[in-house]
Number of protein chains: 2
Amino acid sequence: MKMTRKQQDDFIAQCRAAGLSVTHQRLAIFEAVMANGNRHPSAEVIYQTVRERYPTISFNTIYKNLETFEELGIVVKVNPLYNEARYDVDVRPHHHLICRQCKTIVDVHDKKLDALPAPEEAGGGFQVENWTVQFTGLCAECQPVAVG
Amino acid sequence: MKMTRKQQDDFIAQCRAAGLSVTHQRLAIFEAVMANGNRHPSAEVIYQTVRERYPTISFNTIYKNLETFEELGIVVKVNPLYNEARYDVDVRPHHHLICRQCKTIVDVHDKKLDALPAPEEAGGGFQVENWTVQFTGLCAECQPVAVG
DNA sequence: ATTCTTGCAAACGGTTTGCACATAC
DNA sequence: GTATGTGCAAACCGTTTGCAAGAAT
């Protein structure tokens, strides 16, 4: 999963368009993100990958750049509620509205959504036990003060 | 959202059936969980709620009991990937298989799932921007060694 | 020359662990 | 009396911040 020349050029163009400096670190982090594309990597994974080539790189640089990449739309967080465990008393299968700003979670019980088909190809013997639809967006309170 | 006598009795029965001691703390935590049912509370929220009645209760006790409640099936974690941010290079709308054991995430692109209807009642003016289906279960590697 | 980025170190917040004391059974 | 649960404190881990030194433009 090596980065092509075109991917690199596109990335550089994207940086310039956004007014971002093109540093070796930033390029290496982008390459590491691409190289780990199918693994849904954490910052730690990116850090370890980049460190193979730049042993002195700082964790901070990884974090700052992942944040930057997200603003650019190059990557997206799989788990918006990554910072603390949240519990649900409703153990029946149902769905969630998640406000990306204030992290409010609202339950959704919708008949139409209950007719969801299982995924056709369950990714290499994956045994599905449960599923839920996560709607992300902005709650009523956060819409006026939204950033991004 | 006060707990009914029946709910309390059921809870006590459930504890006894599982061989768990019925402590004041455990009861109070259960009641706090129920009282915050629609808020999808974090451990901190539960802690603050219980502390109003038991000011000396320990955070540790909250954690241990939330864990216990999850094993009993009384509560469920909304966000299995709560401990660290995970990034996705694929920014197109798609879906995920998440292994509850090893936290592996596998992308799912499925035509059938793309025809998902928006929720009928968008919970008080919630503005939906995106959505994704999260299938949870066990990956092929974890099925033989699964706990729970 | 100026602006943006990096690296270091320290703080932070949520989570988890070890162990002595207390409680439920 | 024994097994289980609690409270305290400290460790832990991922994340975030402040700031001086360095690199990109």
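The sequence lines fix the lettering, A, B, ..., with proteins before strands; numbering per chain opens at 1.
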*At under 4.0 Å between heavy atoms, what does B/T56 touch on the DNA or RNA strands: base, sugar-phosphate, or nothing?*
sugar-phosphate

*For the residue pair B/F59 and B/Y47, categorise the inter-ring angle as parallel (less than 30°), tilted (30 to 60°) or perpendicular (more than 60°).*
tilted

_OP1 or OP2 of C/dC8 under 4.0 Å from side-chain N/O of A/S58_ = no

*Classify the side chain of A/N60 and the base of D/dT17 as holding, or not holding, a donor-acceptor pair under 3.5 Å.*
yes

_Integer-rounded Å distance: C/dT5 C1' and A/Y54 OH_ = 14 Å

_From CZ of A/R51 over to P of C/dG7, roughly how many Å is that when rounded to an integer?_
12 Å

_Can you identify which nucleotide, out of D/dT6, C/dG7, C/dT6, has its nearest atom closest to the A/N65 side chain?_
C/dT6

*Looking only at side chains, do B/H96 and B/D107 share a donor and an acceptor under 3.5 Å apart?*
yes

*Mapping B/R86 and B/T23 onto DNA chain D by nearest heavy atom, which one lands closer to the 5' end?*
B/T23

*Evaluate the ring planes of B/F69 and B/F30, with Trp represented by its six-membered ring, and classify them as parallel (under 30°), tilted (30 to 60°) or perpendicular (over 60°).*
perpendicular

*Classify the nucleic acid contact of B/R16 as base, sugar-phosphate or nothing, counting any heavy atom under 4.0 Å across all strands shown.*
sugar-phosphate

*Please give, in whole Å, the distance from C/dG14 P to B/N79 CG?*
13 Å

*Separation of B/F59 atom CZ from D/dA11 atom P, in whole Å?*
19 Å

_Hydrogens and angles aside, do B/Q48 and B/E52 bring a side-chain donor and acceptor to less than 3.5 Å of each other?_
no

*Does B/K103 offer a backbone N or O that forms a donor-acceptor pair with the side chain of B/R86 under 3.5 Å?*
yes

*Taking atom P of D/dT17 as reference, at what distance in whole Å does atom CG of A/L66 sit?*
15 Å

*Using atom CD1 of A/I62 as one end and atom C1' of D/dT17 as the other, report the distance to the nearest whole Å.*
17 Å

*For B/S21 and for B/E44, find the nucleotide of DNA chain C with the closest heavy atom, then tell me which residue's nucleotide is more 5'.*
B/E44

*B/I29 CD1 to D/dT6 C1': how many Å, rounded?*
10 Å

*asked:* Measuring from the side chain of B/K64 (C-beta onward, heavy atoms only), which nucleotide among C/dT17, C/dG7, D/dG5 has the closest atom?
replied: C/dT17

*Closer than 4.0 Å, any side-chain N/O of A/Q25 to the OP1 or OP2 of C/dG7?*
yes

_Separation of C/dA24 C1' from B/H24 NE2 (nearest whole Å)_ = 10 Å

